[in-house]
Amino acid sequence: MYMGFKVVKARKQFNVEYPALYADEKNCSDEKSRQASASDKPLPRAKATLPLQTFNCVQRAHQNSLENQPIFLSLLTLSGLQYPVTAASFGALYLAGRIGYVQGYCTGDPQKRVNYVTALGYVGIFGLVGTTIKFAADLLSK
């Protein structure tokens with residue numbers, strides 16, 4: 001829900017109307033939201049945070065989280081059958097990492113999506129993979 005609210009807020013802020021999934025010049029109704037800066041001189045792309053790019057980063061962060069949710073939930077469920085506390089701990093780490101990922105990505109600079117908090121997410125997901133493999137190995141050895 002947190003990420004969905006961020007998308008709704010960005011959609012209102014940058015005037016990107018439904019049903020457009022991503023913003024471009026054709027579906028952004030507000031001319032001001034399409035411009036890089038209020039000045040006449042265009043800023044170098046590396047230094048400018050384009051409003052459309054910022055909206056697209058917010059939307060992409062949400063989409064990426066939705067794309068990864070099925071594998072996360074599957075691993076969490078399978079791992080939790082035998083190791084509930086460990087699975088919950090790894091799940092919490094994963095979710096903290098996703099929040100860090102979204103916070104970084106929503107800045108409008110895709111390079112900031114990977115940060116030290118995002119590393120927690122990797123610890124969480126790989127921990128869930130490991131406990132799920134251990135669970136499967138235990139089942140096969142019986």
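At a threshold of 4.5 Å between side-chain heavy atoms, the hydrophobic network of Ile, Leu, Val, Met, Phe, Trp and Tyr places Phe90 and Val129 in one connected group. Residues Ile99 and Val123 do not share a hydrophobic cluster, defined by chaining ILVMFWY side chains whose heavy atoms lie under 4.5 Å apart. Under a hydrophobic clustering in which Ile, Leu, Val, Met, Phe, Trp and Tyr are joined whenever their side-chain heavy atoms come within less than 4.5 Å, directly or via other members, Leu93 and Val114 fall into different clusters. Note on Leu73: it clusters hydrophobically with Ile125, by side-chain heavy-atom contacts below 4.5 Å among ILVMFWY residues. Hydrophobic clustering (side-chain heavy atoms under 4.5 Å, transitive across Ile, Leu, Val, Met, Phe, Trp, Tyr) keeps Ile133 apart from Val85.
Within the model, atoms CZ of Phe5 and NE2 of His62 stand 10.0 Å from one another, a figure rounded to the nearest 0.5 Å. The distance from atom CZ of Phe126 to atom CG of Leu75, rounded to the nearest 0.5 Å, is 10.5 Å. The line from CG of Leu139 to CG of Leu81 is 8.5 Å long, rounded to the nearest 0.5 Å. Taken from CG in Leu140 to CZ in Phe135, the straight-line distance is 10.0 Å, to the nearest 0.5 Å. The CG atom of Leu76 lies 11.5 Å from the CD1 atom of Ile71; values are rounded to the nearest 0.5 Å. With rounding to the nearest 0.5 angstrom, the CD atom of Gln63 is 11.5 Å from the CE atom of Met3.
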**Asked** Between Val8 and Lys12, is a side-chain contact (heavy atoms from CB on, under 4.5 Å) present by the stated rule, with each step listed?
**Response** CA-CA 6 Å; Val8 169; Lys12 288 178 183 175; 4.1 Å; yes
**Request:** Begin with the C-alpha distance, continue with both residues' side-chain angles, and end with the deciding distance and a verdict on side-chain hydrogen bond (donor to acceptor under 3.5 Å, both in side chains) for Asn64 and Arg98.
**Result:** CA-CA 10 Å; Asn64 184 267; Arg98 292 311 299 176; 2.7 Å; yes
**Request:** May I have the step-by-step check of side-chain hydrogen bond (donor to acceptor under 3.5 Å, both in side chains) for Thr118 and Asn115, ending in yes or no?
**Result:** CA-CA 5 Å; Thr118 306; Asn115 52 52; 3.0 Å; yes
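The backbone N or O of Asp138 lies less than 3.5 Å from a partner atom in the side chain of Ser141, making a donor-acceptor pair.
Here the side chains of Tyr83 and Lys134 are in contact, with some heavy-atom distance below 4.5 Å. Contact of the Asn56 side chain with the Arg60 side chain is not registered, since no non-hydrogen atoms from C-beta on lie closer than 4.5 Å. Looking only at side-chain heavy atoms (C-beta outward), Phe72 and Leu95 come within less than 4.5 Å of each other. Using a 4.5 Å heavy-atom threshold, the side chains of Cys57 and Cys106 count as separate.
Heavy atoms from other residues, nucleotides or ligands lying under 6.0 Å from CD of Gln111 number 12 at most.
Nearest heavy atom pair, residue Ala96 against residue Val117, reads O-CG1, 3.5 Å. The heavy-atom pair separating Leu66 from Pro70 by the smallest distance is O-CD, 3.3 Å.
Ring-centre distance between Tyr105 and Tyr101: below the 6.0 Å cut-off.
Residue pairs satisfying the side-chain hydrogen bond (donor to acceptor under 3.5 Å, both in side chains) criterion with at least one member in residues 120-133, sequence neighbours excluded, are listed as follows: Ser79-Thr131.
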